[in-house]
Amino acid sequence: MIDLKVVREDPDRVRASQRARGEDESVVDRLVAADETRRAAEVSYGALRNEQKELGKRIGPLQGALKEATVDERSTVQADVDALMGTAADLADRVKAAEATRDGADVETQLLLGQLSNLIDPAAPVGGEADFTVLEHVGTPRDFAAEGFTSRDHVDLGEILGAIDIERGAKVSGSRFYYLTGVGALLELALINHAVALATGNGFIPMIPPALVNPPAMEGTGFLGQAAENVYRLEADDMYLVGTAEVPLAAYHSEEILDAASLPRRYVGWSPSYRREAGSGGRDTRGIWRVHWFDKVEMFSYCNPADAVNEHARLLGFEREFLDSLELPYRVIDVASGDLGASAARKFDIEAWIPSYGDYREVTSTSNCTEFQARRLRVRMRDADGVRPLATLNGTLVAITRIIVALLENHQQADGSVHVPVALRPYLGGRELLTPL
RNA sequence: GGAGGCGUCGCCUAGUCCGGUCGAUGGCGCCCGCCUGCUAAGCGGGUUGGGGUCUCAAAACCCCUCGCGAGUUCAAAUCUCGCCGCCUCCGCCA
């Protein structure tokens with residue numbers, strides 16, 4: 001969630017952000033009103049409660065006096081006690097009413113605040129999905145016709161190499177499932193090792209987090225809002241399957257106050273990612289480009305908000321380094337405001353060239369969530385100025401299935417074999433070529 | 001799944017039986033000051049987090065916070081109920 005003070009003091013900024021996202025602006029006005037009500041209710045409740053406590057302090061001693069009282073005094077003291085108790089009982093009713101009002105206003109405020117997405121970074125391009133800015137192109141897509149052969153897509157290559165078994169995936173689990181077999185399985189392990197080595201070499205702490213989390217963790221990361229329909233929920237246990245290691249990595253320090261001097265804290269997590277793909281209808285149904293489950297290595301940073309923009313650039317840098325090492329052609333885009341997730345203030349995607357689509361398609365994504373997630377998950381930092389929310393950022397190092405698609409299709413040879421990028425060879429026993437069975 | 005124990009302001013801890021004097025004791029750590037040739041020791045003070053009032057700001061003040069939630073009561077760390085977590089033992093098991 002965003003800072004309520006910003007809503008109160010600079011509602012125009014919040015409206016502008018909502019507008020840029022194409023989201024409801026009216027929430028802002030309702031929230032400002034609810035906050036005002038809430039603060040007034042807080043004051044009334046506080047005053048009444050204070051009165052009640054002052055009164056309560058006098059009851060104990062008076063009851064003591066009643067015990068000490070002589071027979072003559074008893075009726076007078078008893079009358080005092082009764083009077084006081086009467087007042088107190090009356091006050092108790094008013095306190096209870098004021099408390100209910102306060103709580104109601106509080107709930108309303110939190111509810112509205114929870115509906116607001118993160119404030120957009122003014123540097124992000126404004127517009128919808130198609131309005132991204134291309135920051136850079138790296139590498140050149142191959143021209144297979146010029147090379148004298150017709151390229152195969154990853155489904156055909158996967159079958160020839162014995163790397164991907166889609167039919168049996170469907171038999172066992174349904175559509176959008178697959179088995180990685182033989183060199184396909186080895187390729188995943190190689191990619192994971194390569195990615196984790198790159199990250200740990202740059203100071204990230206490797207993590208293998210739980211892929212099943214409780215509601216606060218899932219809510220806190222912001223995935224139960226507009227993205228809720230894509231999250232798997234286990235009804236019997238009230239648990240969620242994570243769509244990314246971002247969830248358990250973000251919740252890792254929830255409810256904690258970290259020493260500002262210990263920041264940035266960088267983690268790299270390897271986990272399965274489960275996605276219902278509701279609403280993606282008939283898109284990308286062939287092959288393993290869009291699946292219900294894949295493994296992924298994800299970077300996650302906790303940092304000082306003042307450093308967040310630089311940290312974002314660093315994460316993007318590591319993603320580029322990884323793609324470079326795989327010898328893949330790609331472009332970097334600055335995602336437009338209307339296409340950002342609720343938690344992100346700004347997002348950069350890397351899109352690799354995918355020959356079978358004849359287009360650049362998303363293989364990694366890095367988001368600067370500023371203090372939005374940290375506020376929801378109550379992750380804070382302490383420095384000389386006190387305690388306040390820190391910034392969280394995430395970025396994909398490797399989403400296995402999409403990178404396998406990119407590798408097979410971009411590095412294929414006329415005979416169906418696939419060139420292995422030099423950087424990956426140490427993790428594949430030195431193999432330079434994947435060859436058809 | 002069954003039985004028992006436990007959860008207090010960074011860590012440890014007192015308090016919970018018998019509700020008000022606990023708006024939470026003491027120790028450790030940390031911070032400030034005094035003392036000291038320096039260091040140590042000693043002495044004095046401070047040290048949870050959140051919301052709000054008033055302020056340019058600070059200070060001051062008010063409310064909430066004893067795992068979480070609900071209840072009883074004039075009043076809850078303390079009594080009642082539910083939930084969560086941790087530990088021990090038993091059962092089952094990769």
Side-chain angles (χ1 to χ4, degrees), chain A residues 1-10 31-68 77-114 208 210-220 234-240 248 251-263 265 272 371-372 374-390:
Chain A
M1 63 184 75
I2 67 172
D3 189 352
L4 187 52
K5 281 204 192 82
V6 172
V7 178
R8 191 148 69 215
E9 288 162 14
D10 194 1
L31 181 52
V32 168
D35 177 47
E36 204 163 311
T37 306
R38 179 189 130 264
R39 280 180 297 144
E42 181 71 43
V43 171
S44 324
Y45 171 73
L48 280 171
R49 184 76 176 120
N50 186 27
E51 204 179 321
Q52 181 183 42
K53 290 166 80 172
E54 292 300 327
L55 199 59
K57 273 183 196 163
R58 288 157 52 195
I59 292 177
L62 204 55
Q63 281 177 336
L66 186 59
K67 276 185 197 146
E68 308 285 307
V77 179
Q78 182 67 57
D80 286 349
V81 171
D82 290 347
L84 212 50
M85 291 288 264
T87 314
D90 175 54
L91 197 54
D93 288 340
R94 289 162 63 206
V95 167
K96 210 162 278 180
E99 189 180 19
T101 305
R102 196 269 315 260
D103 289 348
D106 216 33
V107 166
E108 173 74 2
T109 305
Q110 288 303 317
L111 195 73
L112 290 167
L113 187 59
I208 300 181
L212 211 49
V213 301
N214 57 24
M218 193 54 92
E219 275 159 22
L234 301 188
E235 181 79 33
D237 299 287
D238 198 17
M239 300 279 283
Y240 295 94
Y252 186 65
H253 285 302
S254 57
E255 312 281 326
E256 294 181 27
I257 299 174
L258 307 178
D259 186 347
S262 73
L263 303 175
R265 295 205 191 192
E371 296 106 306
F372 187 84
R375 210 171 264 119
R376 286 171 160 243
L377 291 163
R378 304 192 358 100
V379 190
R380 291 163 293 171
M381 62 172 200
R382 188 200 308 276
D383 64 8
D385 297 330
V387 174
R388 61 183 185 284
L390 44 68

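Below, read A as the first sequence line, B as the second, and so on, with proteins coming before strands; counting in each chain starts at 1. Source: prediction; values computed, not measured.
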- Message: Testing Thr37(A), Leu31(A), Val32(A) one by one against Thr109(A) for a side-chain contact (heavy atoms from CB on, under 4.5 Å), which residue passes?
- Response: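 The passing option is Leu31(A).
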
Go ahead and name the base partner of [N]; Watson-Crick or wobble counts if both distances stay under 3.5 Å, otherwise write none.
{"N": "G69(B)", "result": "C81(B)"}
{"N": "G91(B)", "result": "none"}
{"N": "U39(B)", "result": "none"}
{"N": "A75(B)", "result": "none"}
{"N": "A57(B)", "result": "none"}
{"N": "U16(B)", "result": "none"}

- Query: Would you find a donor on one side and an acceptor on the other, under 3.5 Å apart, between the side chain of Arg380(A) and the backbone of Leu258(A)?
  - Reply: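 Not confirmed, Arg380(A) side chain does not pair with Leu258(A) backbone.
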
Hey, does [X] reach any base, or is it just sugar-phosphate, or nothing, if we go heavy atoms under 4.0 Å?
{"X": "Arg382(A)", "answer": "sugar-phosphate"}
{"X": "Arg102(A)", "answer": "nothing"}
{"X": "Arg8(A)", "answer": "sugar-phosphate"}

Which value, in whole Å, describes the distance between the [atom1] atoms of nucleotides [N] and [M]?
{"N": "C81(B)", "M": "U73(B)", "atom1": "C1'", "answer": "16 Å"}
{"N": "U8(B)", "M": "G4(B)", "atom1": "P", "answer": "22 Å"}
{"N": "G37(B)", "M": "C28(B)", "atom1": "P", "answer": "26 Å"}
{"N": "C32(B)", "M": "A24(B)", "atom1": "C1'", "answer": "25 Å"}
{"N": "G49(B)", "M": "G44(B)", "atom1": "P", "answer": "25 Å"}
{"N": "G45(B)", "M": "U55(B)", "atom1": "P", "answer": "35 Å"}
{"N": "U36(B)", "M": "G52(B)", "atom1": "C1'", "answer": "46 Å"}
{"N": "A57(B)", "M": "U47(B)", "atom1": "P", "answer": "24 Å"}

[X] has an atom [atom1]; how far is it from atom [atom2] of [N], in whole Å?
{"X": "Gln110(A)", "N": "G51(B)", "atom1": "CD", "atom2": "C1'", "result": "11 Å"}
{"X": "Glu256(A)", "N": "C11(B)", "atom1": "CD", "atom2": "P", "result": "11 Å"}
{"X": "Glu255(A)", "N": "G7(B)", "atom1": "CD", "atom2": "P", "result": "20 Å"}
{"X": "Glu42(A)", "N": "C64(B)", "atom1": "CD", "atom2": "P", "result": "10 Å"}
{"X": "Glu36(A)", "N": "G52(B)", "atom1": "CD", "atom2": "C1'", "result": "14 Å"}
{"X": "Asp238(A)", "N": "G85(B)", "atom1": "CG", "atom2": "C1'", "result": "16 Å"}
{"X": "Glu99(A)", "N": "U65(B)", "atom1": "CD", "atom2": "P", "result": "9 Å"}
{"X": "Leu4(A)", "N": "G51(B)", "atom1": "CG", "atom2": "P", "result": "9 Å"}

Using the side-chain heavy atoms of [X], tell me which of these nucleotides is nearest: [options].
{"X": "Arg38(A)", "options": "C64(B), G51(B), C74(B)", "result": "G51(B)"}
{"X": "Val387(A)", "options": "C74(B), G50(B), A76(B)", "result": "G50(B)"}
{"X": "Arg380(A)", "options": "C74(B), G50(B), U53(B)", "result": "G50(B)"}
{"X": "Asn50(A)", "options": "C62(B), C64(B), C74(B)", "result": "C62(B)"}

- Item | Residue whose closest nucleotide on RNA chain B lies nearer the 5' end, Ala47(A) versus Asp35(A) |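 Its nearest nucleotide lies further toward 5', so the answer is Asp35(A).
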
- Task: Could you say whether Asp103(A) or Ala89(A) is positioned toward the 5' end of RNA chain B, judged by the nucleotide with the nearest heavy atom to each?
- Result: Asp103(A)

Could you tell me whether the phosphate oxygens of [N], OP1 or OP2, come under 4.0 Å of any side-chain nitrogen or oxygen in [X]?
{"X": "Gln52(A)", "N": "A75(B)", "value": "yes"}
{"X": "Arg49(A)", "N": "C62(B)", "value": "no"}
{"X": "Arg39(A)", "N": "U53(B)", "value": "yes"}

- Less than 4.5 Å apart, any side-chain heavy atom of Met381(A) and any of Arg388(A)? yes

- Answer yes or no: is there a side-chain heavy-atom contact under 4.5 Å between Arg38(A) and Leu4(A)?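 Yes; the side chains approach each other to less than 4.5 Å.
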
Indicate the atoms forming the closest heavy-atom contact of [X] with [Y], along with that distance.
{"X": "Asp3(A)", "Y": "Arg375(A)", "answer": "N-NH1, 3.2 Å"}
{"X": "Ala251(A)", "Y": "Ser254(A)", "answer": "O-OG, 2.8 Å"}
{"X": "Pro215(A)", "Y": "Tyr240(A)", "answer": "CA-CE1, 3.6 Å"}

- From Leu113(A) atom CG to Asp106(A) atom CG, the distance as rounded to the nearest 0.5 Å: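 So the CG of Leu113(A) and the CG of Asp106(A) are separated by 10.5 Å.
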
